4 protein chains.
Amino acid sequence: MAYRAAVAGGSGYTGAELLRLLAAHPDIDVVHVTADSNAGAKVTDLYPSLAAAYPGLTYAPMDPAAVAGLDVVFLAMPHGASQDFVPHIIDDVAHVVDLGADFRLPAATYAQWYGSEHTAPALIERFGYGLVELYRDELRTVDHVAVPGCYPTAALLALAPLFAAGLVEPHVIVDAMSGVSGAGRGLKIGSHFSEADESVVAYGLLTHRHTAEIEQTLTKVGGAPVDALFTPHLVPMIRGEHATCHARASVAGLSTASLLATYRDFYAGEPFVVVSDEPPPTKAATGANTCQVTVRHDDRTGRVLAIGIIDNLVKGASGGAVQNANLLLGLPETTGLPIVGMWP
Amino acid sequence: MAYRAAVAGGSGYTGAELLRLLAAHPDIDVVHVTADSNAGAKVTDLYPSLAAAYPGLTYAPMDPAAVAGLDVVFLAMPHGASQDFVPHIIDDVAHVVDLGADFRLPAATYAQWYGSEHTAPALIERFGYGLVELYRDELRTVDHVAVPGCYPTAALLALAPLFAAGLVEPHVIVDAMSGVSGAGRGLKIGSHFSEADESVVAYGLLTHRHTAEIEQTLTKVGGAPVDALFTPHLVPMIRGEHATCHARASVAGLSTASLLATYRDFYAGEPFVVVSDEPPPTKAATGANTCQVTVRHDDRTGRVLAIGIIDNLVKGASGGAVQNANLLLGLPETTGLPIVGMWP
Amino acid sequence: MAYRAAVAGGSGYTGAELLRLLAAHPDIDVVHVTADSNAGAKVTDLYPSLAAAYPGLTYAPMDPAAVAGLDVVFLAMPHGASQDFVPHIIDDVAHVVDLGADFRLPAATYAQWYGSEHTAPALIERFGYGLVELYRDELRTVDHVAVPGCYPTAALLALAPLFAAGLVEPHVIVDAMSGVSGAGRGLKIGSHFSEADESVVAYGLLTHRHTAEIEQTLTKVGGAPVDALFTPHLVPMIRGEHATCHARASVAGLSTASLLATYRDFYAGEPFVVVSDEPPPTKAATGANTCQVTVRHDDRTGRVLAIGIIDNLVKGASGGAVQNANLLLGLPETTGLPIVGMWP
Amino acid sequence: MAYRAAVAGGSGYTGAELLRLLAAHPDIDVVHVTADSNAGAKVTDLYPSLAAAYPGLTYAPMDPAAVAGLDVVFLAMPHGASQDFVPHIIDDVAHVVDLGADFRLPAATYAQWYGSEHTAPALIERFGYGLVELYRDELRTVDHVAVPGCYPTAALLALAPLFAAGLVEPHVIVDAMSGVSGAGRGLKIGSHFSEADESVVAYGLLTHRHTAEIEQTLTKVGGAPVDALFTPHLVPMIRGEHATCHARASVAGLSTASLLATYRDFYAGEPFVVVSDEPPPTKAATGANTCQVTVRHDDRTGRVLAIGIIDNLVKGASGGAVQNANLLLGLPETTGLPIVGMWP
């Protein structure tokens with residue numbers, strides 16, 4: 001018998017992606033979908049792509065009572081909304097999987113980077129940080145998960161082996177590129193086709209909030225404080241995220257070959273991480289829950305260059321959420337998740 | 001126990017798409033992949049997207065002996081190649097599913113449109129025309145299938161209900177648009193990014209070979225000779241095909257509402273066809289084996305306008321191939337096939 | 001000494017394109033730019049591309065008094081707005097060049113297709129229809145011009161030689177494809193990058209308002225009533241418009257060669273029209289005020305196929321506007337207008 | 001009377017872009033165009049966009065005699081070809097403007113990064129390095145120019161003010177993104193539409209040859225040896241280049257405001273450089289010879305972030321070439337060069 005799930009905030013892109021992935025999941029049934037602003041609309045009005053799988057499904061208004069008793073509730077709401085919603089449901093559902101940023105950071109760090117006090121700080125510790133490859137043990141001890149941000153997912157999987165092995169200095173530069181879907185379905189001029197197409201632009205200079213997640217996890221993995229300068233760029237594609245990461249080597253004798261071997265050891269057995277000799281294109285992960293990484297040592301400058309790519313909506317959001325749900329429900333982590341990217 | 005399959009010609013886009021789809025198919029295992037020009041290469045050298053599912057798979061050279069005894073052999077070879085290959089395997093494998101054009105038309109029609117004599121005319125009648133929704137009964141009587149061309153798939157599913165009901169004159173105009181993946185992986189200036197991007201161009205004016213399939217099937221469905229003027233256009237996207245079809249109404253009293261009802265009756269129960277009130281975007285089918293259609297009656301000009309959209313690589317090629325393989329193997333037609341498009 | 005011009009409605013895409021073109025025009029100076037909703041903003045806040053040419057320019061509010069006495073006022077306002085604005089300026093400026101739809105059609109036809117009564121019907125006859133290649137003589141007799149719609153520009157230049165020579169039946173089918181910039185700068189879900197990219201969709205089925213312009217001009221050119229079924233499609237590129245046009249031949253003995261010769265005669269000496277043997281890609285006109293056309297006779301079906309391509313924002317809007325302004329001001333038609341497309 | 005020019009290697013993208021720009025140049029006439037592999041073809045066969053300006057122009061074979069006596073010869077040949085061609089023409093033409101890499105570096109540095117010995121080392125010193133904004137005085141003393149690479153153009157204009165003022169440490173990281181046109185018109189799988197579209201990939205890791213130009217000029221501007229780690233990325237657009245540059249501040253008290261002021265002073269009066277408060281999108285320069293830059297000081301990490309954007313085919317190649325030709329011919333630098341980008 002399948003587990004019963006709800007998608008709260010199903011009218012945005014991560015919500016729609018959850019519906020796409022769960023339509024092919026053998027053990028999870030979507031029994032309820034909510035969307036405040038689109039309540040009453042058919043999901044196929046917004047997403048004709050869902051017509052064959054969810055022909056009659058309609059968005060319900062947000063109502064905690066409607067999800068009580070479910071096995072898993074995915075929250076795909078705007079950032080800031082889940083801290084208001086979670087207190088109403090956390091004790092009435094088996095598992096909350098939050099795709100937003102509200103339960104990823106300690107309250108003080110959250111306030112620093114998000115500019116407002118957290119309204120449910122006592123609940124933060126009930127959530128694990130759902131970067132499964134780095135936090136699997138901790139995640140077995142919690143009931144609820146905060147899915148990492150898309151950029152941190154790519155950057156952290158690219159950088160973690162270096163910090164785990166103590167090979168680089170604790171200062172990183174991350175220049176990342178994201179497809180426009182990362183900005184969501186909400187209308188804004190920067191996501192307007194004629195503005196975003198055929199253009200690259202940096203944004204969030206010095207202040208992007210994902211910096212906090214990058215620093216937090218690298219500090220944990222490496223065991224010493226790390227600072228990061230993170231600069232995201234919008235590139236003219238729908239999906240895909242590319243993190244180009246730099247740190248100065250802190251030990252002698254490194255080589256590209258030795259680093260690739262370190263990475264292969266670190267990710268041995270991980271079903272969703274591929275260590276690639278060649279620079280991986282983001283297209284390798286389109287539609288799939290995979291992350292591909294590579295690494296180089298530059299003998300000329302003494303720097304290490306690490307690259308990670310994901311599909312921001314899958315491994316960077318909804319696929320990561322399903323992976324976590326599988327873990328929480330005791331299913332194989334790969335259940336229902338595509339591992340082959342759509343190429344071409 | 002799973003059926004054992006080979007993909008012959010696996011280095012092109014339809015071959016890679018077969019590998020993507022079959023990686024998620026519960027009842028078909030790919031045990032052999034061939035590619036003449038790329039023999040010896042790893043599939044992941046060409047398609048990094050396949051790394052997590054086929055980490056060690058290597059393209060073998062084309063060899064009939066290597067596929068003998070298999071349950072199904074998919075031929076994803078260049079047009080014209082399968083008529084040379086099929087005679088060597090047809091009696092040694094249970095089912096051949098040919099994605100090329102060689103076994104779709106009678107020998108005389110083939111010669112007329114393809115400009116050369118067919119080299120294995122006696123084998124043509126052993127193949128059914130795999131447009132399942134229109135030929136399902138005939139397909140139950142054959143062992144082998146020629147998968148329809150991508151354009152005919154979209155145009156015929158859009159037009160068939162009109163001809164089945166005798167509502168239009170037997171002269172059709174089809175203006176179709178295809179993503180660039182339809183031109184394959186082979187390098188040519190028209191598929192070069194900087195030439196194809198940000199541009200639309202018509203091609204194959206008056207002479208595109210898919211015209212023959214459109215005329216053949218509409219003639220069969222309508223019971224009287226049909227002529228078609230088919231004009232394809234290349235549009236700057238990877239996947240997706242849009243057929244905009246015109247015919248003059250031949251009976252009085254039609255309306256858009258009556259036509260939509262006719263279409264809904266005609267496709268009732270079809271798992272892969274959605275009749276839509278609104279004009280369907282090609283994105284509704286990206287990555288999925290679905291076709292969406294709509295129809296209009298123009299009271300001003302007395303014409304009927306019918307639209308069909310598909311993913312050219314899925315329903316228009318590799319997905320249609322898997323659907324036919326399911327049918328031939330006695331599996332549910334939908335086994336292993338995605339029905340939700342990737343949106344965004 | 002340069003002519004003094006204003007751009008009213010300069011914050012939309014046709015307004016910005018006027019500013020781009022006029023920055024390189026040797027004989028017209030932009031002395032005033034207005035934009036109601038963006039009044040007070042710097043033009044470079046909306047269009048960083050204009051920074052080197054208009055570093056300090058600010059949008060003024062719409063005010064008839066501010067344009068009084070100018071040589072030419074370009075109206076790049078939303079459809080429906082110019083009929084309210086023109087009465088306040090038409091007697092105080094030398095020339096009005098309206099890029100909107102308000103002065104292209106007789107009042108009755110306007111009401112039929114636009115769904116509301118025209119508020120300044122008496123002024124319509126003071127405007128010429130600015131498809132210069134077909135209306136040059138009439139345009140020499142007027143002071144003001146209504147620039148044709150983008151689709152009509154492409155379709156009419158493709159079809160006019162057929163109707164001028166009486167070669168086809170008076171029933172046409174036009175399937176046209178436009179880049180997304182045609183939908184303007186206003187935010188809407190259909191122009192959202194992740195929705196529009198990698199997709200084709202038809203819209204405005206049976207009812208697109210440009211139908212009226214197509215019928216009106218073909219009727220005039222051919223001398224008998226013409227009906228048109230016009231279906232536009234949105235394709236994932238910024239600029240470019242492709243009109244694929246069909247009509248049944250009404251005289252015997254036509255051939256592709258004879259039709260191409262007819263077209264070359266018809267457009268001999270036109271600086272902005274290229275008759276091409278091959279199907280012209282829209283990219284051939286990107287950024288330029290050119291139209292390229294080709295034509296075919298299909299012996300199999302007795303139909304004529306005519307194709308026209310333009311840049312919707314240049315020849316289909318702002319470039320056409322400048323061409324008309326040149327004509328009105330007595331300048332060479334080509335002054336300041338690019339005739340080379342940006343390729344790649 | 002106009003200067004007489006030739007374009008040698010006119011069938012590639014930089015050659016075509018020279019033809020586009022020179023078609024609108026009032027003082028330079030193109031009297032000869034060569035292309036070895038396409039000799040005999042009409043330029044409009046390759047570039048329909050040129051039809052209205054160069055209706056009959058045909059590519060001639062490469063022949064030094066044919067350019068003798070001309071005022072300026074633009075070399076838009078593949079890298080490595082101009083060192084073989086220049087010795088045959090340099091004493092017979094007034095000015096050579098080479099868009100290739102052959103005359104940008106001293107012979108030893110050339111051999112180190114390009115992997116082969118230079119065949120005309122004695123001629124290198126007769127060429128100036130055509131980054132006009134940084135080398136204008138030197139350029140007044142030479143007859144011939146090597147146009148800088150596209151990436152160096154963007155990165156150097158972004159970084160130069162920091163090194164000129166001695167504000168950062170001599171170690172830079174440059175992560176750059178380029179449109180696919182930078183890879184040229186030659187067919188290769190990485191430029192195939194279905195591979196390049198909807199994907200980002202890094203390439204040339206650690207070894208891209210433009211590194212040498214970046215280090216050479218920063219060393220000159222700053223007066224001390226600089227090392228650079230340069231990583232280019234291919235992004236799915238045709239034109240545009242974005243350089244994101246990092247260096248550690250070497251003096252105390254810097255702020256974003258002080259750095260922006262430094263940049264405004266440094267580029268005061270430059271017609272082709274815009275210092276922007278906001279991160280400039282590459283679209284701001286599409287089709288234009290402008291470069292836009294911005295800069296930030298990160299108080300958290302003590303780093304300076306500098307960004308530069310250009311159109312790789314204009315300011316990064318053919319536009320820069322025309323700017324240099326203007327300088328060499330004694331014309332105003334801006335003659336015939338667009339400064340407004342095509343937006344949208």
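From a predicted model like this one, the values you see are computed outputs, not experimental measurements. Naming convention: chains lettered A, B, ... in sequence-line order (proteins, then strands); numbering from 1 in each chain.
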Exercise. Which bit of B:Ala23 is near chain A, if near means a heavy-atom gap under 4.5 Å: side chain, backbone, both or neither?
Worked result: side chain

Problem set entry | Under 3.5 Å: donor-acceptor pair, side chain of B:Ser181, backbone of B:Ile238 | yes

Seminar exercise, completed: Heaviest contributor of heavy-atom pairs below 4.5 Å to chain B, chosen from A:Pro48, A:Ala16, A:Gly179, is A:Pro48

Problem set entry | Interface moiety of B:Gln292 toward chain A, non-hydrogen atoms closer than 4.5 Å | side chain

Problem set entry | Contact origin within B:Leu46 toward chain A - heavy atom pairs under 4.5 Å | backbone

For this session: Sort B:Pro344 into side chain, backbone, both or neither according to what part of it lies under 4.5 angstrom from a heavy atom of chain A.
Result: both

Exercise. Would you say the side-chain atoms of A:Thr244 pair up with the backbone N or O of A:Ile307, donor to acceptor, closer than 3.5 Å?
Worked result: no

Exercise. By a 4.5 Å heavy-atom criterion (distance strictly below it), what part of B:Asp277 contacts chain A: side chain, backbone, both, or neither?
Worked result: neither

Problem set entry | Region of A:Glu198 that comes under 4.5 Å of a non-hydrogen atom in chain B | side chain

Exercise. Checking heavy atoms, do the side chain of B:Ile339, its backbone, both or neither come under 4.5 Å from chain A?
Worked result: both

Exercise. Given A:Arg239, which of A:Val180, A:Ile310, A:Asp311 fulfils the side-chain contact (heavy atoms from CB on, under 4.5 Å) condition?
Worked result: A:Asp311

For this session: Against chain A, label B:Pro55 side chain, backbone, both or neither, depending on which of its atoms sit under 4.5 Å from a heavy atom there.
Result: neither

Seminar exercise, completed: The interface call for A:Leu313 against chain B, heavy-atom contacts under 4.5 Å, is side chain

Exercise. Backbone N or O of B:Asp27 within a donor-acceptor pair of the B:His25 side chain at under 3.5 Å?
Worked result: yes

Problem set entry | Donor-acceptor pair, side chain of B:Asn289 and main chain of B:Pro338, under 3.5 angstrom | no

Exercise. In terms of side-chain geometry, is the basic nitrogen of A:Lys188 or A:Glu195 positioned less than 4.0 Å from the acidic oxygen of its partner?
Worked result: no

For this session: Kindly confirm or rule out a cation-pi arrangement of A:Arg20 over A:Tyr47, judged by NZ or CZ under 6.0 Å from the six-membered ring centre and within 45° of its axis?
Result: no

